[in-house]
Every structure is written in C-alpha cells, then in structure tokens.
Amino acid sequence: MKAFKGLLYKELKLTKNWFMVGIALLLFGVIIGVGLTKYFNEPNIFAVVAVLILVGHGLYLPAYLLSSLNIEGQTQLWLHNPNSGAALFLAKLTAGFVLYVVSFFISLVVAIMGLSHAVNVVSLFNLTGGPVLNLTLMGVGITLGTLFLGVWVLFYWSLFHSLKNVPILSSLRWPIVIGTWILLTTIGNYVSNLPLYQKLKNIGVIKLDAYSLEFEAGKTSASAGFVENAELSIMNGMIYTVIVIIVFYASVWLLERKVEV
C-alpha cells in the first residue's frame, strides 16, 4: 500500500500541469459561453455550452492517460520501477479519476447554473425522476464511459509499444493498432446485435428522461440535448465491467512482458 501511495503521489505530481491546463480550458469555455450569452442576449446559450462541457468529460480520462503515458515514454522512468504493471496502471487510473472527479464536479455546478437560468428548456428539475436521480444517472453514464475508454487507451498504448521490440513489425505498428481496433470494433458490433445479447441488455434497465435546450440568436436557432428516453442497463454495465477487467490485465501482460519504454 505504501508503494502504491508513492506511485499515486508521483503520478499526481507528474500531471499537475496537465490538470491546471484542463481547468483553464474549462473556465475558458465558461467565459465563451457567458460572452455569447451577453452578446446575443440569449441565456440558453450558456446552458448549451455548460452541458457540452459536462458531456465532454467522457473523453477526460483517455486524454489524461495519453498525456501521462507519453510523459513516461519520454522520461524512461518505468525502466527503473520495481512495481508490478498492475500497480503502475492502477496508479495512473486512480490519479486520473481523482482529477476527473474534481473537474467533473466543477462542470456539474456550472451546468446546474446554466440550466437554472435557461428559459426555453424542459428543466432537469422537472423530470419524472427528480434532479438528484437524473443528475446521478447522467454522471454515472459519463463516468463509466470515460473509465471504459481509458482502459482501452492503456491496451492500445501497450500494444503499440510492445510491437517496437519485434523488428519485422516495428515499422507497421500504426497499421496493426488501427487494424486491431477495427477488428475488435467489428466483433463488438456483431456480438451486440445478437438476440441473446439484446435480451441480456434489457435486464435491469433504468430509463432516464430526456431534456432539450433551444436558443435563438437573431434569425438563427439551435438546440442541444440528450436522446429521448435514454437508458442505463445494469446487466450491460456488468458485461462491460468484465470486458474492462480483461482488457486491463491484457494491458498489464503486454507491459510486463513486451514493453520497454
């Protein structure tokens, strides 16, 4: 546990500048939203920008891990680290998740403020499930999504660097990685369309009512929102959890046996 804490502290220290840049970009987005709202005198513009910032956090952890792994590849620090690959990757996931939670919470507050001041909106606070339930389900969906994508980043990064040690494949790393992604995506789409999977997916479904935002700026109008009757499946979440565990340990295997960063 002490070693893991050390790895976590090192990871947070290593990526603190990345986190500050992320917060700066978030605030810049807020400023842009406020500026457009004032310029067009349309309060719903800020609400749309705030919701987009919130949903955009689905890419937070993948972007964080790519940045952190790139730093590791440049510094060569892992060559002298006695910890297991699982501990190294878990430290990165944990650090990234901590920073994600902080950034997501700030974005959530901004989104609530934006929605509360919107005028042409079916308010989140008037949905059937109530504000707490709908915000919770929304946050769970985005969080699970960013974790899922983050683990896949670990896998493809490990695969890419493992091929560097195979002379005949070293120059073909990008085509192999892209080909692997296409193959796995095709298999995933095929399985997801099977009748058995569809039946499993419908077990433990939680429905999330949609809401939409509309605004007008002069003669121009636009809208943003979630698809109608969005759903979260508990069984589907369990299946994806198993996939995440398998992909994570595949990444660890590649790191410990094949990768020399």
Side-chain angles (χ1 to χ4, degrees), residues 8 11 15 18-19 22 51-70 72 85-105 107-108 111 134-162 177-194 196-208 226-227 230-255 259:
L8 183 59
E11 181 66 24
T15 57
W18 189 94
F19 173 71
V51 170
L52 291 176
I53 291 174
L54 187 67
V55 175
H57 275 70
L59 298 176
Y60 189 96
L61 195 54
Y64 171 87
L65 290 171
L66 283 174
S67 175
S68 177
L69 290 168
N70 183 56
E72 295 287 5
L88 294 171
F89 276 156
L90 279 175
K92 289 191 176 297
L93 284 171
T94 302
F97 185 74
V98 169
L99 300 183
Y100 161 82
V101 169
V102 175
S103 182
F104 185 83
F105 178 78
S107 300
L108 184 61
N134 283 283
L135 283 174
T136 299
L137 292 177
M138 191 188 309
V140 168
I142 295 172
T143 301
L144 292 178
T146 196
L147 285 171
F148 183 76
L149 293 176
V151 172
W152 277 108
V153 165
L154 295 179
F155 173 77
Y156 286 115
W157 182 90
S158 299
L159 176 62
F160 179 82
H161 284 278
S162 68
V177 169
I178 294 173
T180 301
W181 174 76
I182 294 174
L183 176 62
L184 293 177
T185 300
T186 301
I187 294 174
N189 291 334
Y190 173 77
V191 172
S192 64
N193 290 322
L194 292 175
L196 177 60
Y197 183 84
Q198 292 297 322
K199 290 181 180 179
L200 292 174
K201 186 179 178 180
N202 291 327
I203 298 176
V205 172
I206 301 175
K207 293 186 177 181
L208 175 62
F226 292 91
V227 295
E231 296 179 347
L232 292 176
S233 169
I234 295 177
M235 179 59 70
N236 204 39
M238 294 175 63
I239 293 173
Y240 273 76
T241 299
V242 173
I243 294 174
V244 164
I245 293 173
I246 294 173
V247 172
F248 176 80
Y249 279 103
S251 306
V252 171
W253 184 85
L254 288 170
L255 176 68
V259 176

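Along the sequence shown, residues carry numbers from 1.
- Here S107 pairs with H57 under the side-chain hydrogen bond (donor to acceptor under 3.5 Å, both in side chains) rule; sequence neighbours left out.
- Residue L154 holds its CG atom at 6.0 Å from CG of L69, rounded to the nearest 0.5 Å.
- By the side chain to side chain contact (heavy atoms under 4.5 Å, CB included) test, L8 pairs with L12, T94, A95, sequence neighbours left out.
- Considering only residues two or more places apart in sequence or on other chains, F160 meets the side chain to side chain contact (heavy atoms under 4.5 Å, CB included) condition with R173, W174, V177.
- From L93, atom CG reaches atom CG of L88 across 11.5 Å, with rounding to the nearest 0.5 Å.
- The structure places CZ of F155 at 13.0 Å from CG of L255, a figure rounded to the nearest 0.5 Å.
- Residues V102 and F19 form a side-chain contact, since some pair of their non-hydrogen atoms from C-beta on lies under 4.5 Å apart.
- Considering only residues two or more places apart in sequence or on other chains, S68 meets the side-chain hydrogen bond (donor to acceptor under 3.5 Å, both in side chains) condition with E11, K92.
- Scanning both residues, S251 and S158, for their nearest heavy atoms gives O-OG, 3.5 Å.
- Here the OG-OH distance, from S103 to Y64, works out to 13.0 Å after rounding to the nearest 0.5 Å.
- Summarising the geometry, atom OG1 belonging to T15 is positioned 9.5 Å from atom CG belonging to L65; distances are rounded to the nearest 0.5 Å.
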Atom pairs and distances, donor-acceptor, side-chain atoms in residues 237-248, under 3.5 Å, two or more places apart:
from: T241; atom 1: OG1; to: G237; atom 2: O; distance (Å): 2.8

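- Taking CD1 from I187 and CD1 from I182, the interatomic distance works out to 12.0 Å, rounded to the nearest 0.5 Å.
- Checked against side chain to side chain contact (heavy atoms under 4.5 Å, CB included), V101 has the following partners two or more places apart in sequence or in another chain: F97.
- With sequence neighbours excluded, no residue forms a side-chain hydrogen bond (donor to acceptor under 3.5 Å, both in side chains) with Y60.
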Test side-chain contact (heavy atoms from CB on, under 4.5 Å) applied to T185 and N189, step by step: CA-CA 6 Å; T185 300; N189 291 334; 3.7 Å; yes
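- Of the possible polar contacts, none joining the N70 side chain to the L66 backbone as a donor-acceptor pair under 3.5 Å is found.
- The heavy-atom pair separating P62 from G150 by the smallest distance is CG-N, 3.9 Å.
- Every side chain to side chain contact (heavy atoms under 4.5 Å, CB included) that A63 has, sequence neighbours left out, goes to W18.
- Heavy atoms only, all atoms of each residue included: L54 and A111 are closest at CD2-CB, 4.1 Å.
- For the side chain to side chain donor-acceptor pair (under 3.5 Å) condition, the pairs that include at least one residue of residues 139-154, sequence neighbours left out, are Y100-T143.
- The side-chain hydrogen bond (donor to acceptor under 3.5 Å, both in side chains) check on Y156 picks up nothing, with sequence neighbours excluded.
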